[in-house]
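Note sheet for the following structure.
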Amino acid sequence: MTNEDDAVKGSAATAAGAGWRFDNSYVRLPETFYKKQNPAPVRAPAIVALNEPLARSLGLDADALRGELGAASLAGNRVPEGAEPLAQAYAGHQFGHFNMLGDGRALLLGEHLAPQGERVDIQLKGSGRTPFSRGGDGRAALGPMLREYIISEAMHALGIPTTRSLAVTSTGQPVVREEELPGAVLTRVAASHIRVGTFQYASQWGTVDDLRALTVYALRRHFPGGASEENLALALLQETIRRQARLIAQWQLVGFIHGVMNTDNMAISGETIDYGPCAFMDVYDPATVFSSIDRQGRYAYGNQPPIAAWNLARLAEALLPLLDADEDRAIELAEDALGTFPGQYRRHWLEGMRAKLGLGNEEPEDEALIEELLEQMHKAQADYTNTFRALTLGRPEETAMAGTEAFESWLARWNARRGRQEEAEDAVRERMRAANPAVIPRNHRVEEALEAAVGGDLGPMERLLAALANPYAYAPEQEPYALPPQPSGRRYRTYCGT
Ligand code: AMP
Ligand code: MG
């Protein structure tokens, strides 16, 4: 036996030491849904970020992941025991245009069973070319992968359903974009990667049996209760609508702009997925767009709810053959389900806005009170997060509207409205603190942290992550992260093809 054999044997033992427990159900779907593919090895794997709390909650040993063999598996240089890497097939409407897509630079390693039995996808993003890569190189740059790590973890801390980031591993290889950039692989953890676009793919290129298999699979995996429903496709559609209505309301309430709400970037699980050109809004303006390629503002802040409804309509279309054998009846069922989206969304949004203003009960005038505040914020170019932060801290004089007659009148009405609640002022403040983050991942702070990290200094990113880990703490040390950008920093742009 050579030393090399020893090393291989050793690696298997240590791999088990990391605590992976793979049980891969996706490979049991019809073969049309994926292509088996191993990751392409990289030159010099090195862990840049490792999410220790997440590792722990998944039953994984962070020290083993940090070790040479752990890093090798997170970079795609070795396949952990039990993993069966595959590229998922999916389609999608990109800016309204239907395309065949698929994992062009990502691979599902498999599904890991966490200690409580929870099943999560472990995906490598940036792990090399796949049969779906088209012209792409299958790779990712370090900056954008760290960006996904920061923002997805911030979303999680904000209490918003999202995929998580377990690790970012640098590859020691450059990727060529407009310039040469250091390459990296992100390890993404998700309830699943089934998208609206996966159903569109099945509907366009699969058989009705394939579509049914995917529907049953998605229901079992995400909505176990729905699997006993008579009409499985309808149960899936209704539940997906329900989760998206809640998710999009949560985005709106914190000022999150996804940036590329293509149907392939909408997960059936109801998690936020695919952190490309996303960013948080500073100044309140429904027309806010950060993505450089979104010239029409299709995915502007204020358009996110109707775009979500549009995407859900594409899901309904894909499911039509299963909704009812009679096409007219199928369309009727789809329309009835889709028709509930605006009301569900509005209900979640109003509930969230009431909490942001400290209101624990409902009055008919609330909507007008909320809308008027937003209108004044828009006119005054007020910072979205910090306006609610100032109201939470009882410092309305710190908002951009302070001193205007309109705002004084609004404040008087808001105070009177809160006065009609039979609740102690403390309880009201508590509610506001729990609904209004004191810190969000401000674009200028994220950029500054990424620039330092890509240059080799991880300090600023680690401090930013620490501030974002508890956004409702209102801790004094978080204050520097709450400052909005200088006016010159406002014309922030994000880029796709990251
Ligand atoms: P995204 O904009 O990340 O949602 O990706 C849209 C599509 O482009 C997906 O099918 C990706 O897999 C694919 N894609 C993005 N970047 C690359 C790349 N560097 N190489 C190959 N495929 C890619
Ligand atoms: Mg995508």
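Atoms within each ligand, like the ligands themselves, are counted from 1 in listed order. Position 1 is the first residue of the sequence; numbering continues from there. The model shown is predicted, which means the values in this text are computed figures rather than measured ones.
Using a 4.0 Å cut-off between charged side-chain N and carboxylate O, Glu448 and Arg442 make no salt bridge. Under 4.0 Å is where a charged nitrogen must lie from a carboxylate oxygen, and between Asp137 and Arg177 at least one such pair does.
Protein N/O/S atoms closer than 2.8 Å to the Mg ion (ligand 2): Asn265 OD1, Asp274 OD2.
Between Leu101 and ligand 1, a contact under 3.5 Å exists for no N or O pair. Of the polar atoms of Gln94, none of the N or O atoms is found under 3.5 Å from an N or O of ligand 1, judged by distance alone. Ligand 1 has no nitrogen or oxygen under 3.5 angstrom from a nitrogen or oxygen of Phe132. When only interatomic distances are considered, the shortest N/O to N/O separation between Asp103 and ligand 1 does not fall below 3.5 Å.
Comparing heavy-atom distances from atom 8 (O) of ligand 1 across Arg139, Arg134, Met100 singles out Arg134 as nearest.
Rounding to the nearest 0.5 angstrom, the gap separating the CD atom in Gln381 from the OH atom in Tyr284 is 13.5 Å.
With a 4.0 Å cut-off on non-hydrogen atoms, Asn265 touches ligand 1 through its side chain and not its backbone.
Counting heavy atoms from C-beta on, the side chains of Trp205 and Asp210 never come closer than 4.5 Å. Counting heavy atoms from C-beta outward, Glu111 and Tyr26 have side chains that approach closer than 4.5 Å.
Here Tyr275 and Tyr149 keep their ring centres 6.0 angstrom or further from each other.
When each of His193, His112, Arg188 is checked for a side chain to side chain donor-acceptor pair (under 3.5 Å) with Asp121, only His193 meets the rule. For the side chain to side chain donor-acceptor pair (under 3.5 Å) test with Ser192, the passing option among His222, Arg221, Glu271 is His222; the others fail.
Interface atoms of ligand 1 facing Asp274, defined by a heavy-atom separation under 4.0 Å, are 3 (O), 4 (O). Taking every heavy atom of Asp264 and a limit of under 4.0 angstrom, the matching atoms of ligand 1 come to 4 (O). Taking every non-hydrogen atom of Gly136 and a distance limit under 4.0 Å, the qualifying atoms of ligand 1 come out as 20 (N), 21 (C). Remark: ligand 1 atoms within the under-4.0 Å shell around heavy atoms of Arg177 are 19 (N).
Judged by the shortest distance from any of its heavy atoms, Gly138 lies inside the 4.0 Å radius around the atoms of ligand 1. Look at Asp137 and you'll find a heavy atom under 4.0 Å from some atom of ligand 1.
Looking at Ser152 and Glu148, their side chains never bring a donor and an acceptor atom within 3.5 Å of each other. At a cut-off of 3.5 Å, with distance as the only test, no side-chain donor of Asn262 or His93 sits close to an acceptor on the other residue.
Applying the ring-ring contact (aromatic ring centres under 6.0 Å, His included) rule to Phe341 yields no partners; only residues at least two apart in sequence or on another chain are considered.
Here the closest non-hydrogen pair linking Pro437 and Tyr472 is N-CE2, 3.5 Å.
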